[in-house]
Amino acid sequence: MALEGRLSEFTLEEILQLIALQQKTGVLTVEASHAMVLYFENGELVSYRDRRGSAPDPLRRYLRSYGFFTSENWEHLDFIQKNTDLDFTEVLVNEGHLTPEELTRVQHDTVQEHIFQGMLLRDGRYNFNAGRESLRGLKGKVRLKVEGLLMEAARRIDELATLEERYPDESVKIRRTDKEPGDLPLGAGMRHVLAVLGEVKNLGRLEAQGRMSRFDLLQTLEMLRDVGLIEVDELAAPAPKPQESVPSPVT
C-alpha cells in the first residue's frame, strides 16, 4: 500500500486509524512543523525514532525539554553514543540514567506526546511505504496499540483549552502552600513537582524541571491545587477599553 498526500486533506488521526485497521506494516513519514517518522508492524506502532537519523530524535527532545538530566549527564551520554555503536536507549540503561522500567515508561510518555503534537498539525505532507524492509535494524523498539494512543491524544486536545485558561503562559507563578501532604495518595509525579517547588516558580521554569510533558504537568498542577498543596497566581483580566463618547447630532 502506497499512501501519500497532505494533512489538510487526510489528517494524521485518519492515517493512523487506517494503518491500524488494515494491520499494515511499514513506515510513515510526516514532513511538517512537527516532523514524524513512525514504524508499524501488523498495525501496531513499534518505533517512533528515525533509524536513518534524518529527523530529530523525539526521545532526546522529550528528555531534554522536561529536565531529566543535567548538562554534565548529557555530555557523558553524547560522548558514549559517539564512541560506541549502541542505540541511545541502550546507553541510557547501560550508563544507569534510567532503569529498564523507567525507560519503558518514558518511551510510552514520549510516544503519547509525539502523537498528541502530530494530531495538532493542520498541514504538511505524509507518505506511507508498506513492507517489512523498513523494520530492519530497528533498535529501542516499543509495541503500542494505535487506538489507545489516539484516544488519549483526543482527550488531551479536548482538555487542553480548559487547562490553558488557568495556565495561559509560562509566566504564571506557582507556589507551595503551608499544607503538608501527610497521608494523601500522591503519585511519583506529584511528589516530584512538590519537591521542585521549593520556592515560588513560574510555569516555564517548572516545565523545564518537571520530568513530564507539558499537558501532564498542567494536569498534575490541577490535582495538587484541588487538594490545597499549591497556589496559582491568577492573571488579572485586561481592563475593558473605555467606550468613546459619541457626539450628539447638531440640530
Side-chain angles (χ1 to χ4, degrees), residues 34 58-77 92-93 95-117 119-120 148-149 151-240:
H34 182 76
L59 179 58
R60 277 181 167 272
R61 180 171 54 202
Y62 184 92
L63 294 172
R64 280 189 179 275
S65 298
Y66 300 124
F68 276 78
F69 308 128
T70 66
S71 57
E72 291 79 10
N73 292 151
W74 280 109
E75 288 178 7
H76 179 68
L77 287 168
L92 288 170
V93 173
E95 296 301 310
H97 292 288
L98 294 175
T99 66
E101 295 74 22
E102 288 171 336
L103 177 62
T104 297
R105 177 182 57 80
V106 168
Q107 289 220 83
H108 178 274
D109 293 345
T110 302
V111 172
Q112 189 64 72
E113 172 82 349
H114 198 38
I115 298 297
F116 165 65
Q117 292 295 332
M119 284 179 59
L120 296 175
L149 294 170
M151 288 179 62
E152 174 61 18
R155 182 186 74 83
R156 294 185 179 201
I157 290 172
D158 287 342
E159 296 180 12
L160 184 61
T162 301
L163 288 171
E164 288 186 336
E165 287 180 3
R166 181 159 288 172
Y167 308 92
D169 60 52
E170 295 183 347
S171 66
V172 173
K173 296 291 191 300
I174 301 157
R175 64 173 61 82
R176 287 195 62 166
T177 65
D178 294 333
K179 182 177 178 179
E180 293 297 328
D183 295 328
L184 290 174
L186 304 183
M190 298 173 75
R191 292 189 180 278
H192 175 72
V193 170
L194 286 176
V196 172
L197 283 173
E199 57 186 36
V200 175
K201 283 186 170 60
N202 61 38
L203 180 60
R205 288 181 61 194
L206 187 56
E207 183 178 328
Q209 301 173 54
R211 296 186 182 179
M212 64 184 75
S213 71
R214 183 172 183 274
F215 178 87
D216 286 332
L217 175 61
L218 297 184
Q219 199 169 53
T220 298
L221 291 174
E222 281 295 89
M223 291 187 288
L224 290 172
R225 180 173 179 161
D226 287 344
V227 295
L229 293 175
I230 67 167
E231 293 176 344
V232 179
D233 283 357
E234 302 283 359
L235 296 184

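Because the structure is predicted, anything quoted here is derived from the model rather than measured. Values below: every heavy atom of this structure, side chains too, minus hydrogens, waters and symmetry copies. Along the sequence shown, the residues carry numbers beginning at 1.
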Enter the distance from [X]:[atom1] to [Y]:[atom2] here, rounded to the nearest 0.5 Å.
X      : Y      : atom1 : atom2 : result
Lys201 : Arg176 : NZ    : CZ    : 11.0 Å
Met212 : Gln219 : CE    : CD    : 10.0 Å
Leu217 : Ile174 : CG    : CD1   : 6.5 Å
Gln107 : Tyr62  : CD    : OH    : 11.5 Å
Arg225 : Glu231 : CZ    : CD    : 9.0 Å
Leu221 : Met190 : CG    : CE    : 9.5 Å

(request) List the steps, then state whether side chain to side chain contact (heavy atoms under 4.5 Å, CB included) holds for Tyr66 with Val106. (result) CA-CA 11 Å; Tyr66 300 124; Val106 168; over 6 Å; no
(request) Please report the C-alpha distance between Arg205 and Glu199 in whole Å, then the side-chain angles of each, then the deciding distance to 0.1 Å, and finally whether the salt bridge (charged side-chain N to carboxylate O under 4.0 Å, His left out) criterion is met. (result) CA-CA 11 Å; Arg205 288 181 61 194; Glu199 57 186 36; 3.8 Å; yes
For [X] against [Y], the heavy-atom pair lying closest together:
X      : Y      : value
Trp74  : Arg60  : CZ3-NH1, 3.6 Å
Ile115 : Ala153 : CG2-CB, 4.3 Å
Tyr167 : Leu203 : CB-CD2, 3.9 Å
Phe215 : Glu159 : CZ-OE1, 3.8 Å
Gly148 : Gln112 : O-OE1, 4.3 Å

(request) Can you sort out the partners of Asn202 under side-chain hydrogen bond (donor to acceptor under 3.5 Å, both in side chains), two or more places apart, ordered by chain and number? (result)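 In terms of side-chain hydrogen bond (donor to acceptor under 3.5 Å, both in side chains), with neighbours along the sequence ignored, Asn202 is linked to no residue.
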(request) Before giving the answer on salt bridge (charged side-chain N to carboxylate O under 4.0 Å, His left out), spell out for Glu102 and Arg105 the whole-Å C-alpha distance, their side-chain angles and the decisive distance to 0.1 Å. (result) CA-CA 5 Å; Glu102 288 171 336; Arg105 177 182 57 80; 5.3 Å; no
(request) Assess whether side chain to side chain contact (heavy atoms under 4.5 Å, CB included) is satisfied between Val200 and Asp233, documenting all intermediate values. (result) CA-CA 10 Å; Val200 175; Asp233 283 357; 5.8 Å; no
(request) Find out whether Ile230 and Leu194 are in side-chain contact, i.e. whether some heavy atom of one side chain is under 4.5 Å from a heavy atom of the other. (result)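 In short, these two side chains touch, coming nearer than 4.5 Å.
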(message) When you measure from the side chain of Asn73 to the backbone of Thr70, do you find a donor-acceptor pair of N or O atoms at a distance under 3.5 Å?
(response) yes
(message) With a 3.5 Å distance limit and no angle check, can you tell me whether His192 reaches the backbone of Gln209 through a side-chain donor-acceptor pair?
(response)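 Looks like yes, one N/O pair under 3.5 Å.
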Taking only distance into account, with no hydrogens and no angle test, what donor-acceptor pairs under 3.5 Å do side-chain atoms of residues 177-188 form with protein atoms, sequence neighbours excluded?
unit_1, atom_1, unit_2, atom_2, d
Thr177, OG1, Lys179, N, 3.3
Thr177, OG1, Gly228, O, 2.7
Thr177, OG1, Leu229, O, 3.4
Lys179, NZ, Val227, O, 2.7

(message) Filter on salt bridge (Lys or Arg N to Asp or Glu O under 4.0 Å), then keep only pairs touching residues 209-224, sequence neighbours left out; what's left?
(response) Arg156-Asp216, Glu164-Arg214, Arg166-Glu222, Glu207-Arg214
